Structures are given as C-alpha cells and as structure tokens.
Amino acid sequence: MTRDEPSPLAGLRVVDLSTTFMAPYCAMILAQWGADVVKVEAPQGDVLRYVGDARVPGMGPIFLNANRGKRSVAVDLKDGGGMDVFTRLVESADVLVHNLRPRAAAKLGITPDRLLAANARLVYCAFRGFGSGGPYADRPAYDDVIQGASGMASVQAVDGGRPAYWRSAAADKTMGILGAASVLAAVHGRSVTGRGRAIEVPMFESMASFMLLEQQGGWVFDPPSGPTGYPRTESPYRKPFRTKDGYLAVMVYTDQQWRSFFAAIGEPALADDPRYRTIGTRTIHIDALYSLMDDHLTRRTTAEWQDVFERADIASSKVNAIEDLFEDEHLVATNFFESVDHPFVGPLRMARSPVDMGDGRPGPATLRHPPRLGEHSTEVARELGYTDAAITDLLGRGALVEAADPDHSDRPTARSTARTEAARTEEGHAPRE
C-alpha cells in the first residue's frame, strides 16, 4: 500500500452517539483508519469535555485524545426536529455506535428494529454494561464497577488481600478495542450478505472473558482439577525489581533465558535444579525464583542489568513515568508523537495510531481536529439535504446546536501556554485532576 492509496476505512461513515471512554475510543480508532466519524452530542456535550485542565472551555485533554478525527453535531434528541436530524444521519451511515442503557435507548426509539428498518445495511453496535437477557441488563456500569465484577480488582489485590483497581480505565479501553474489532467483523459480514446487523458489546461478559484466559486455572476442567489463578501473576515478588539506582521491569521466561540469567548471577548450577529445569516446575516455584531475582538485581545499576539482559536476549525495560514517554528514544525515533496546531485550542502534542497499515501510522495532522461542541452541525445538516431555512429553524428552536465562532485573538499559542505554565509553577498551583 502506498501513501497515495485511500485509508482502509475511507468512505465508511460512523455515527458516534456516545460519551465518556469506551465507545468514543472505539469510534476514534475507526477515524484513525479513515472512517468519517460524526459524533452526535446532546446540547450540553459529552461530559468528558469538562474533565481535566483545559485551555478552552469544553475541550479537556481526555476529550481531545478520545475524539480526534471526528465531526461534532449537537442535537436535542427529545425534540422531534433533533430526532429527525439523527434519523437522517443514521440512514446515511454504515455504522452506529452508542452506549445508551437499554431502557434509555428504547425510550428514544434508538433500537435495532427501528433503525435497521430505516437502513438495512446499518451495523448497529450497542455498548452495554451487562449483556441482555440477564438480571443485570439495565444496570448502570462504569470501569471501576466492571473491574470489580469481572475479577480484575481481586486479582490486583494488595496489602494482604484488599482488592485494588488498575490505575487506568483498563476495562473501558479494552472495550473500545474489542468494539472496533466487532464493528469491522460486522462490516465484513455485510460485504458478503448485503445486510447489516445489530451487535452488542457488553462490558461485564467481555472483561470476564478477558480475565479467564489465564486466570481460570484448574476451573477450565469440569469438575475443577485445582484452584483458579495463574501462579506467576499471583507472586508477591512479581513487580518491578529494585536495582542499585532505580527500578527495572524484566521477564525471564524460556529455558535458555533462565540459563543465561543463572550464569549472569554466578550460579549456573541452578539451571539443573529440579525446581527450575522446565517452565512447568518454574511456574510452581515462581516465588522462590522471583525472590532470587529481587535479591540479585539490587547489586547492579539499571544500565548494567539492561546490558546483561540485552546480551542474553531477555526482555527488560527501565520503569518509565508517564512523563518519560515523551522523551523515550524509541518513541522519538518512530515519530510516535506529533505536534499539531488545533485551530481553537492551540498547539497540541498527540500520539499517532500505534498500528501501521502499510503506509505508516496515521497521525493527528492527517485527521480532523477534535471538534468543538456542534462545530459541524450546519455542515452535516446540509449534507443530509436540509435547506438553509430549515437549518435556521432547527437552530432557532434548539433542536440543532451550532458552536459559536470564537474570537481567534484569544487563541492560545505555544509561547502563551509556556508563560501560563511558568506562572502556575511560580504560584505553586498544580494542574487539577
């Protein structure tokens, strides 16, 4: 594939009727691969617009990351005119993604029966907290709740068994990736049958499946042959190892790697110890192995150990803070980050797609900028066949909302932003979480 060829999803229109993390992340991935994503927002906008430190109101940092490449149409779905705009948009679309709870979707008429009747080729993708057919079907759900329900929090237990969450919206983001894969599978199915379909992507069931892959243990057999869990990940010594001057993440795995490690610490005979000879016996005795590593790694610096592990072809990395990623030599060399000039927010530093589709990784500069609320309302309404008079009427009654044109004289610049950050530092203020 050359750079002159269209993106893989060019020509695919996705209607993104979603808020917060998982479904917007799914739609953003599709936008990175070339889809025309139209984000349909309520007049007050996606709640993520207002989370975090923002240079411009309604353009918070998480929203900027999760909504790259999209257009924004703001409509009131409780108004007949606003619902008409939405329906026409869905009739023109290939895919609809939403994260409405079943009861709310039914009340608004955003159901598979209604929308597939209007557009038989539509891929209707509903993100749910819990799958339909069960007693939890209409319960509210967020990442923390699903981490608890799926067993993830219990597996992360700390301090003698107290459940703990990942310090990341891990369930939400996993769902976004699974949702994108599910949408593309349905789009491929449509290319064969000519018909769309309704698909459901439930958080609870999906994350339960995610956890069970390696954590089901002896319970994969019926009746169980042993306990659940995976001893290697349960070891209290499975953590970044302290070195003489920092911390190192390292994974010694194969027989040859362990032989190399035992030689490096001056104990080559351990390779023939019955406890450590095979991957099966090492897994049983993983606490003893990790304790041994914990003791030995404190004796050299991080750089010295990295040199040892590189020569032995053992996977390792220094432990990075989030801030370190922006200076990481590999990410710099692969142009992972790209500086872009948002027309209303000012200079931004954003990550490219991690996936190379054969013509490089799609970057923020090749995508539409993250949109202001209602920035494309009039543009999209015209595409749907509305006259200027009809658009004026919709705007006047609040069924359609259009972004106000900001005064560009107040637009942030790289220099003014730097001055602002310097002032914040001098005043002793930290950014809000």
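Since the model is a prediction, treat every value here as computed from it, not as a measurement.
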How about L100 and L17: do any of their side-chain heavy atoms sit closer than 4.5 Å? yes
Between Y247 and F241, does the ring centroid distance fall short of 6.0 Å? no
Sidechain N-carboxylate O distance under 4.0 Å for K70, D36: no
Here the pair of heavy atoms bringing S150 nearest to A208 is CB-N, 3.9 Å
Hey, mind stepping through L96 and V123 against side-chain contact (heavy atoms from CB on, under 4.5 Å) and telling me if it holds? CA-CA 6 Å; L96 167 69; V123 172; over 6 Å; no
Yes or no on side-chain contact (heavy atoms from CB on, under 4.5 Å) for V308 and I314, after CA distance, side-chain angles and deciding distance? CA-CA 8 Å; V308 169; I314 293 171; over 6 Å; no
Please report the closest heavy-atom contact between I29 and G176, naming both atoms and the distance. CD1-O, 4.3 Å
I'd like to know whether CZ of F337 has more than 12 heavy-atom contacts from other residues, nucleotides or ligands below 6.0 angstrom. yes
Whether over 12 other heavy atoms sit under 6.0 Å from Y230 OH: yes
Would you check if R232 and Y290 make a side-chain contact, meaning some heavy-atom pair closer than 4.5 Å? yes
Side chain to side chain donor-acceptor pair (under 3.5 Å) pairs, two or more places apart, involving residues 119-132: H98-Y124, S132-E200
Enter the distance from M207:CE to L212:CG here, rounded to the nearest 0.5 Å. 10.5 Å
Do S377 side-chain atoms and A74 backbone N/O form a donor-acceptor pair below 3.5 Å? yes
Does any part of the side chain of E383, heavy atoms only, come nearer than 4.5 Å to the side chain of E379, both counted from C-beta? yes
Separation between CE (M251) and CZ (F309), nearest 0.5 Å, reads 12.5 Å
Pair E41, S72: side-chain N/O donor-acceptor within cut-off below 3.5 Å: yes
Go through the steps to decide whether M203 and V145 satisfy the test side-chain contact (heavy atoms from CB on, under 4.5 Å), and finish with yes or no. CA-CA 10 Å; M203 294 181 77; V145 172; over 6 Å; no
Out of V345, N67, L348, which residue meets the side chain to side chain contact (heavy atoms under 4.5 Å, CB included) rule with M59? V345
Counting only heavy atoms not in R299 (residues, nucleotides, ligands), do more than 12 fall under 6.0 Å from its CZ? yes
Does the Q257 side chain pair with the main chain of T254, one donor and one acceptor, at a distance under 3.5 Å? yes
Answer yes or no: is there a side-chain heavy-atom contact under 4.5 Å between Q216 and M211? no
Minimum-distance pair of heavy atoms, taken over all atoms of D53 and P61: O-CD, 3.1 Å
Indicate whether any N or O donor in one side chain lies under 3.5 Å from an N or O acceptor in the other, for E402 and T378. yes
Rounded to the nearest 0.5 Å, what separates atom OH in Y386 from atom CZ in R88? 4.0 Å
Y253 atom OH: more than 12 heavy-atom contacts under 6.0 Å: no
Shortest non-hydrogen pair, Y165 vs A153, comes out as CD2-CB, 4.2 Å
Taking the side chain as everything from C-beta on, heavy atoms only, tell me whether V401 gets closer than 4.5 Å to D76. no
Taking R13 for the side chain and S92 for the main chain, is one N or O donor matched with an acceptor at less than 3.5 Å? no
Taking the side chain as every heavy atom from C-beta outward, state whether E338 and M350 have any atom pair closer than 4.5 Å. no
Mind running salt bridge (charged side-chain N to carboxylate O under 4.0 Å, His left out) on D294 and R242 for me, showing each step along the way? CA-CA 7 Å; D294 194 37; R242 185 183 291 277; over 6 Å; no
Keeping the roles fixed (side chain from D324, backbone from A321), state whether a donor-acceptor pair exists under 3.5 Å. yes
Using modelled atom types only, decide if a donor and an acceptor are shared between the side chain of D46 and the backbone of T20 within a distance under 3.5 Å. yes
Distance (rounded to the nearest 0.5 Å) between I62 CD1 and Y25 OH: 13.0 Å
So OG1 of T87 and CD of E91: to nearest 0.5 Å the spacing works out to 6.5 Å
Using a strict cut-off of less than 4.0 Å between a Lys/Arg side-chain nitrogen and an Asp/Glu carboxylate oxygen, indicate whether K173 and D143 qualify as a salt bridge. no
Is there a side-chain hydrogen bond (donor to acceptor under 3.5 Å, both in side chains) between W166 and Q156 once you walk through the steps? CA-CA 7 Å; W166 284 15; Q156 299 296 116; 2.9 Å; yes
Aromatic contact, F130 with Y136 (centres under 6.0 Å): yes
For the pair H369 and H376, name the ring-plane relationship: parallel under 30°, tilted 30 to 60°, perpendicular over 60°. tilted
With a 4.5 Å cut-off on side-chain heavy atoms, are D295 and S291 touching? no
Please examine the side chains of P347 and R55, heavy atoms only from C-beta on, and report whether any two atoms are closer than 4.5 Å. yes
Nearest heavy atoms of C125 and V201, plus distance in Å: SG-CG2, 3.8 Å
Given D287 and S235, is the side-chain hydrogen bond (donor to acceptor under 3.5 Å, both in side chains) satisfied, shown in steps? CA-CA 6 Å; D287 279 2; S235 173; 2.7 Å; yes
Out of curiosity, W33 CH2 to S7 OG, how far, rounded to the nearest 0.5 Å? 12.0 Å
Hey, are E375 and R71 close enough for a salt bridge, meaning a charged N less than 4.0 Å from a carboxylate O? no
One pair to check against side-chain hydrogen bond (donor to acceptor under 3.5 Å, both in side chains): D16 and S18. What are the steps and the verdict? CA-CA 6 Å; D16 175 15; S18 67; 2.3 Å; yes
Between D94 and V187, does the side-chain contact (heavy atoms from CB on, under 4.5 Å) criterion hold? Intermediate values first, please. CA-CA 8 Å; D94 297 286; V187 169; 5.7 Å; no
Show your working on side-chain hydrogen bond (donor to acceptor under 3.5 Å, both in side chains) between T233 and R238 and close with a plain yes or no. CA-CA 7 Å; T233 60; R238 180 187 176 252; 5.4 Å; no
Minimum heavy-atom distance between A180 and L30, given as atom pair plus value: CB-CD2, 4.3 Å
D245 and T302: side chain donor to acceptor below 3.5 Å: yes
